[in-house]
Amino acid sequence: MSIDWQHFTPISSLAGGTLIGLGAALLVLFDGRIAGVSGILGGLLRAARGERAWRIAFLGGLLAAAPLWRLFAPLAPAQPVAGGAWLVAAGLLVGIGTRYGSGCTSGHGVCGVARASPRSLAATALFVAAGFATVFLLRHGG
């Protein structure tokens with residue numbers, strides 16, 4: 001294993017992680033809600049009147065973060081290793097998995113692990129194990 005030092009981005013990674021944690025903390029402190037992106041997106045589809053604004057603002061912030069960062073610093077180039085059909089299939093599997101797992105990596109991995117939730121610890125361990133297995137199979141599967 002080797003590290004790609006040319007594309008290693010510790011500052012932007014640290015800034016992104018800090019902003020994710022700050023966003024999750026602010027949502028819990030001011031609204032008492034867990035910052036699970038899949039839940040926020042899913043809730044937008046059937047949101048009550050007072051629920052839409054904060055959900056749209058949260059998701060808009062997620063989408064705007066990378067373009068805003070690019071205004072001040074360069075971003076590492078995205079280098080997908082799979083084609084469009086594989087990316088769509090992977091996205092669908094992630095969506096199905098988050099539905100059955102009652103949350104995604106943000107809700108379980110960021111908020112649930114911070115709260116020491118047993119369900120979130122198990123879900124995050126499975127997410128990480130699935131990621132390791134996928135990378136291993138893609139790189140060594142033939």
Side-chain angles (χ1 to χ4, degrees), residues 1-4 7-142:
M1 182 174 121
S2 63
I3 295 176
D4 181 4
H7 295 108
F8 184 58
T9 57
I11 300 299
S12 60
S13 300
L14 179 63
T18 302
L19 288 173
I20 290 170
L22 181 63
L26 290 174
L27 195 59
V28 167
L29 288 174
F30 290 109
D31 207 24
R33 296 179 185 272
I34 300 298
V37 175
S38 63
I40 292 171
L41 178 62
L44 185 61
L45 300 176
R46 57 185 179 342
R49 187 176 189 145
E51 293 280 310
R52 285 202 170 101
W54 74 266
R55 290 176 189 273
I56 290 171
F58 191 93
L59 295 171
L62 287 176
L63 294 173
L68 286 174
W69 179 269
R70 188 176 291 160
L71 293 175
F72 302 104
L75 288 173
Q79 299 172 341
V81 294
W86 280 107
L87 293 177
V88 169
L92 289 172
L93 287 173
V94 168
I96 292 168
T98 58
R99 183 73 178 159
Y100 282 112
S102 299
C104 58
T105 52
S106 58
H108 284 301
V110 175
C111 299
V113 168
R115 294 181 303 124
S117 162
R119 184 177 74 157
S120 293
L121 292 169
T124 303
L126 287 173
F127 296 154
V128 172
F132 286 156
T134 302
V135 169
F136 181 81
L137 289 174
L138 287 175
R139 291 191 176 177
H140 306 288

task: Evaluate the ring planes of W54 and F58, with Trp represented by its six-membered ring, and classify them as parallel (under 30°), tilted (30 to 60°) or perpendicular (over 60°).
output: perpendicular
query: Under the side chain to side chain donor-acceptor pair (under 3.5 Å) test, which residues partner S102, sequence neighbours left out?
result: none
- prompt: What pair of heavy atoms forms the shortest contact from C104 to G36, and how long is it?
  reply: SG-C, 4.4 Å
statement: Note: A47 and E51 closest approach over all heavy atoms is CB-CB, 3.7 Å
field: S117 backbone acceptor or donor facing H108 side chain under 3.5 Å
entry: no
- prompt: Does A48 offer a backbone N or O that forms a donor-acceptor pair with the side chain of R52 under 3.5 Å?
  reply: no
query: Has R99 got more than 12 heavy atoms of other residues, nucleotides or ligands less than 6.0 Å from its CZ?
result: no
query: Say you draw a straight line from CG of L26 to CZ of R33; how long is it, rounded to the nearest 0.5 Å?
result: 14.5 Å
- prompt: Would L71 and L68 count as a side chain to side chain contact (heavy atoms under 4.5 Å, CB included) if you check the C-alpha gap in whole Å, the side-chain angles of each, and the deciding distance to 0.1 Å?
  reply: CA-CA 5 Å; L71 293 175; L68 286 174; 4.1 Å; yes
- line: Only residue of I34, L59, L62, I56 satisfying side chain to side chain contact (heavy atoms under 4.5 Å, CB included) with I40 is L59
message: Could you report the tightest heavy-atom contact between L63 and P67, atom names first, then the distance?
response: O-CD, 3.3 Å
- request: Return the minimal non-hydrogen interatomic distance between S120 and V113, and the atom names on each side.
  value: CB-N, 4.0 Å
field: Reported CG-to-CG distance for the pair L22 and L29, which is rounded to 0.5 angstrom
entry: 9.5 Å
- request: Would you confirm whether T98, through its side chain, and G95, through its main-chain N or O, come within 3.5 Å as a donor-acceptor pair?
  value: yes
message: Could you check whether any side-chain N or O of R55 sits under 3.5 Å from a backbone N or O of G39, counting only pairs where one atom can act as donor and the other as acceptor?
response: yes
task: Locate the shortest heavy-atom distance separating A24 from C111; write the atom from each residue and the value.
output: CB-SG, 3.8 Å
